[in-house]
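Okay, so here's the structure we're looking at.
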Amino acid sequence: MEDIQQYNFIVKSNIHNYEVNFIDNVKKSLEIELKKGDFIIIDNKVKFLYPDWFEDVLVNYNYIGIDAAESQKSYQEVEPVINTLIERGFRKNHRLIAIGGGITQDVTAFIASILYRGVQWYFFPTTLLAQGDSCIGSKTSINFGKFKNQVGGFYPPNKIYVDPKFLNTLPFRELQSGLGEMAHYFVVAGEEDFDRYKRDYEQALIDKNVLRGVIARSLEIKKSYIEIDEYDKNERQVFNYGHSFGHAIESLTNYGIPHGIAISFGMDMSNFVSMKKGYITSELRQNSRELFEKIWDGYADQVKRLDIDTYLVALSKDKKNKGTLLGLILNKGYGKVFKDFTENDMIFRSWIVEYFANELNY
Ligand SMILES: NC(=O)c1ccc[n+]([C@@H]2O[C@H](COP(=O)([O-])OP(=O)(O)OC[C@H]3O[C@@H](n4cnc5c(N)ncnc54)[C@H](O)[C@@H]3O)[C@@H](O)[C@H]2O)c1
Ligand SMILES: [Zn+2]
């Protein structure tokens with residue numbers, strides 16, 4: 001993986017295989033890829049930030065600008081986009097080209113999967129979360145009312161073009177969030193990967209070449225799981241590590257905490273419970289926490305004030321639960337993350353009380 005500029009790989013999918021290409025000239029790649037009749041769906045902010053890359057192309061090709069807000073991922077907001085596509089002559093043999101982060105991805109993928117029973121789509125991810133995680137894996141959810149990511153399916157793009165130069169304009173907290181999200185892949189992968197990630201973390205925030213390597217490795221780890229369990233029924237479920245605990249934090253804070261940062265708390269909570277259950281030592285937990293603390297820097301005050309009972313109710317709604325048992329992804333060591341069931345009883349409650357009372361004080 002020396003020359004990551006040229007780094008390309010194929011992801012095998014039950015739907016159709018697709019290619020990930022690391023590129024260093026978005027304008028050129030777009031000009032080569034675009035065909036007459038294609039439609040670009042672009043995040044308005046990205047369009048505004050990169051006029052030199054997009055001005056000409058947007059004059060010569062059809063495009064729809066969207067605002068990257070969660071409200072955009074809804075039936076109501078998707079409808080006018082589909083309407084424009086049909087009215088302006090988009091046909092089944094044309095392609096959608098998404099340029100933006102996870103929101104632009106989900107909107108485009110969802111439309112591509114249903115319009116004319118499926119059209120091809122291509123993706124230029126522009127956030128760290130999208131480049132290092134969501135761009136592969138085929139998931140296409142939109143929100144349903146206040147229920148997040150509840151409607152959708154699996155429908156991968158035909159090709160993904162990753163240019164980390166987009167990340168030069170990404171706000172710092174979005175970078176941290178992307179690094180928090182990617183961290184769970186490195187715990188799942190094993191000690192060597194985690195150690196390297198922990199070592200590279202600070203450098204990755206300031207050096208795009210280091211970050212490029214981290215993105216490539218994160219995708220490589222994810223690829224090895226989605227290729228054997230694309231539909232998230234078995235092996236892929238370990239990537240829920242940190243997510244049950246993290247989603248409950250997101251839901252209680254009304255999504256005021258960026259996803260990857262909520263997940264960094266979630267991974268520490270999962271490790272805390274794993275330690276209480278005797279699965280890992282406090283040393284191992286501390287070793288990972290040193291990284292998570294850097295990721296969630298500044299957010300602990302907000303999280304420690306969450307109401308315990310509301311938090312436990314949110315956890316009890318997780319779809320991995322069975323009856324009163326919480327289906328949690330716990331940790332027996334790096335590379336040994338697994339699904340475990342824990343009774344949602346007074347002992348579990350006391351662990352959560354202890355966590356919020358003692359573990360987030362600085
Ligand atoms: N389909 C999947 O597999 C999957 C996986 C994880 C997350 N998601 C979804 O992705 C969404 C979150 O995506 P996200 O974090 O990539 O962000 P996003 O699309 O919400 O973008 C975050 C913010 O960054 C801005 N932005 C985008 N690119 C930029 C750039 N290069 N420079 C400056 N600003 C830029 C956007 O306008 C927005 O304000 C959520 O809705 C989540 O549910 C989907
Ligand atoms: Zn996530």
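Note that ligands are numbered from 1 as they come in the structure, with each ligand's atoms numbered from 1 the same way.
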Counting each atom of ligand 1 from 1 as listed, which ones have a heavy atom of [X] under 4.0 Å away?
| X | value |
| --- | --- |
| Q105 | 1 (N) |
| E70 | 40 (C), 41 (O) |
| N149 | 43 (O) |
| K148 | 40 (C), 41 (O), 42 (C), 43 (O) |

(request) Pick whichever of Y50, F239, F166 has a heavy atom sitting closest to atom 31 (N) of ligand 1. (result)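 Nearest option to atom 31 (N) of ligand 1, by heavy atoms: F166.
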
(request) Select the closest option to atom 28 (N) of ligand 1 among I66, I103, T126, judged by heavy-atom distance. (result)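 When every heavy atom of I66, I103, T126 is considered, T126 comes closest to atom 28 (N) of ligand 1.
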
Can you tell which part of [X] has a heavy atom less than 4.0 Å from ligand 1: side chain, backbone, both or neither?
| X | value |
| --- | --- |
| L49 | side chain |
| D67 | neither |
| H259 | neither |
| K45 | side chain |
| V46 | side chain |

Report the nearest protein non-hydrogen atom to [atom]: residue, atom name, distance rounded to 0.1 Å.
| atom | value |
| --- | --- |
| atom 4 (C) of ligand 1 | S134 CB, 3.4 Å |
| atom 30 (C) of ligand 1 | T169 OG1, 3.6 Å |
| atom 7 (C) of ligand 1 | L129 CD2, 3.6 Å |
| atom 3 (O) of ligand 1 | K139 CB, 3.7 Å |
| atom 1 (N) of ligand 1 | D106 OD1, 2.8 Å |
| atom 12 (C) of ligand 1 | G102 CA, 4.1 Å |
| atom 21 (O) of ligand 1 | T127 CG2, 3.8 Å |
| atom 36 (C) of ligand 1 | D43 OD2, 3.1 Å |

For the side chain of [X] and the backbone of [Y], is there at least one donor-acceptor N/O pair under 3.5 Å apart?
| X | Y | answer |
| --- | --- | --- |
| D229 | R236 | yes |
| H94 | F90 | no |
| Q120 | L96 | no |
| S270 | G266 | no |
| S350 | I347 | yes |

(request) Mind listing the protein N/O/S atoms less than 2.8 Å away from the Zn ion (ligand 2)? Waters don't count. (result)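 Checking every protein N, O and S atom gives E181 OE1, E181 OE2, H243 NE2, H259 NE2.
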
Side-chain ion pair, [X] and [Y], N-O less than 4.0 Å:
| X | Y | result |
| --- | --- | --- |
| R217 | E220 | yes |
| K47 | E55 | no |
| K294 | E290 | no |

Hydrophobic cluster identity match, [X] and [Y], side-chain contacts under 4.5 Å:
| X | Y | value |
| --- | --- | --- |
| L325 | I329 | no |
| Y63 | Y161 | yes |
| L205 | F186 | yes |
| F144 | V78 | yes |

(request) Could you tell me which non-hydrogen atom of T127 sits nearest to which non-hydrogen atom of L170, and how far apart they are? (result)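 Residues T127 and L170, closest heavy atoms: CG2-CD1, 3.9 Å.
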
(message) Could you tell me if K148 sits above the aromatic ring of Y255, with its cationic atom closer than 6.0 Å to the ring centre and no more than 45 degrees from the axis?
(response)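 Here K148 passes the 6.0 Å and 45° test against Y255.
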
(message) Does K159 qualify as a cation-pi partner of Y122, given the criterion of NZ or CZ under 6.0 Å from the six-membered ring centre and within 45 degrees of its axis?
(response)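 Checked: cation-pi criterion not met.
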
(request) Side-chain contact test, heavy atoms from C-beta onward, threshold under 4.5 Å: evaluate it for S218 versus Y197 and give yes or no. (result)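 Not touching, per the 4.5 Å side-chain cut-off.
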
(message) What I want to know is whether K73 and ligand 1 share at least one N or O pair that is separated by under 3.5 angstrom.
(response)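 Yes; at least one N/O pair falls below 3.5 Å.
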
